[in-house]
Amino acid sequence: MSALPADLREWHAKLPPDSHLFMMVAHAEATAGTLMQLGSQQITRLQLPARLRELAANATACVLGADFLRVRHVPPGDPVTSVERDAIHRGDHSGFSGVDLAVLTFATEVARGTAVDDATFAPVRAALSDREIVELVQVVGYYWMFGQFANVLAIQAEPYA
């Protein structure tokens with residue numbers, strides 16, 4: 001910690017204890033602050049509703065097999081229940097419908113890195129604004145990046161104390 005620049009020490013002080021992922025990201029000093037700020041904005045500044053953001057984050061974690069995200073990404077006041085989260089991580093979307101199912105299907109395809117076909121895009125297009133669609137893709141990309149950090153760097157997935 002003492003080797004980090006002051007701005008990164010400030011960011012880290014705001015994080016939950018044992019934030020190993022963010023400590024790994026801090027090694028890239030030139031971009032770590034930007035990534036932390038982007039993460040904060042993903043929670044506080046998007047028009048995309050919190051529930052849809054969390055469905056997308058969990059769908060992304062499922063695609064990656066990112067156990068770290070499954071265990072650690074449980075925000076305060078989480079709009080996704082533990083039963084729903086477990087179903088998503090099993091790849092089971094059968095209990096979802098409407099916009100929830102549309103977002104899960106879309107986010108899964110985006111996280112796989114494949115083109116999203118018209119049948120997958122149409123329900124999202126019907127339910128979300130242009131801004132929300134772009135934010136949805138950004139959410140998937142953000143959690144994909146952090147899921148990959150956790151997977152590649154073998155960061156332990158311990159629940160918060």
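Note that the structure is a prediction, hence the values are computed from the model and not measured.
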For this session: Quick one: which residue pairs count as a salt bridge (Lys or Arg N to Asp or Glu O under 4.0 Å) with a foot in residues 56-69, not counting sequence neighbours?
Result: Asp67-Arg70

Exercise. Is there a side chain to side chain contact (heavy atoms under 4.5 Å, CB included) between Gln138 and Leu48 once you walk through the steps?
Worked result: CA-CA 11 Å; Gln138 289 176 334; Leu48 186 69; over 6 Å; no

For this session: Could you work out the complete set of other residues in the hydrophobic cluster of Val63, with links drawn between I, L, V, M, F, W and Y side chains under 4.5 Å apart?
Result: none

Exercise. Cluster question for you: counting only ILVMFWY and a side-chain heavy-atom cut-off of under 4.5 Å, with indirect links fine, are Val137 and Ile43 together?
Worked result: no

Problem set entry | All pairs passing side-chain hydrogen bond (donor to acceptor under 3.5 Å, both in side chains) where residues 144-153 contributes a residue, at least two apart | none

Exercise. So which heavy atom on Leu69 is nearest to which on Gly147, and how close?
Worked result: CD1-CA, 3.7 Å

Exercise. Are Val116 and Val134 grouped together when hydrophobic residues (ILVMFWY) are joined by side-chain heavy atoms under 4.5 angstrom apart?
Worked result: no

Exercise. Hey, does Val103 have a side-chain heavy atom less than 4.5 Å from the side chain of Leu136?
Worked result: yes

For this session: Would you check if Phe96 and Ile88 make a side-chain contact, meaning some heavy-atom pair closer than 4.5 Å?
Result: yes

For this session: Any side-chain hydrogen bond (donor to acceptor under 3.5 Å, both in side chains) involving residues 106-122? Give me the pairs, sequence neighbours left out, ordered by first then second residue.
Result: Glu109-Arg112, Glu109-Thr114, Asp117-Thr120

For this session: Could you list the residues that satisfy salt bridge (Lys or Arg N to Asp or Glu O under 4.0 Å) with Glu135, not counting sequence neighbours?
Result: Arg131

For this session: Kindly write out the residues that satisfy side chain to side chain contact (heavy atoms under 4.5 Å, CB included) with Ala50, not counting sequence neighbours, or none if the list is empty.
Result: Arg53, Pro79

For this session: Report the residues that fulfil side chain to side chain contact (heavy atoms under 4.5 Å, CB included) with Pro123, sequence neighbours left out, ordered by chain and then residue number.
Result: Ala102

For this session: Would you mind listing every side-chain hydrogen bond (donor to acceptor under 3.5 Å, both in side chains) that reaches into residues 84-97, with sequence neighbours excluded?
Result: Arg51-Glu84, Asn58-Arg85, Asn58-His89, Asp78-Arg85, Thr81-Glu84, Asp92-Ser94

Exercise. With a 4.5 Å heavy-atom cut-off, do Val124 and Thr105 have their side chains touching?
Worked result: no

Seminar exercise, completed: With sequence neighbours left out, the residues meeting side chain to side chain contact (heavy atoms under 4.5 Å, CB included) with Glu29 are Pro5, Leu8

Problem set entry | Residues forming a ring pair (Phe, Tyr, Trp, His ring centres under 6.0 Å) with Tyr142, sequence neighbours excluded | Phe146

Exercise. Quick one: does Leu128's side chain get under 4.5 Å of Leu52's, heavy atoms only?
Worked result: yes

Exercise. Of the non-hydrogen atoms in Pro49 and Glu132, which two are nearest, and what is the gap between them?
Worked result: CD-OE2, 3.8 Å

Problem set entry | Side chain to side chain, Tyr143 and Leu64, heavy atoms closer than 4.5 Å | no

Seminar exercise, completed: Between Phe149 and Ile155 the two heavy atoms that sit nearest each other are O-CD1, 4.1 Å

For this session: If a pair satisfies side-chain hydrogen bond (donor to acceptor under 3.5 Å, both in side chains) and one of its residues is in residues 35-45, list it, with sequence neighbours excluded.
Result: none

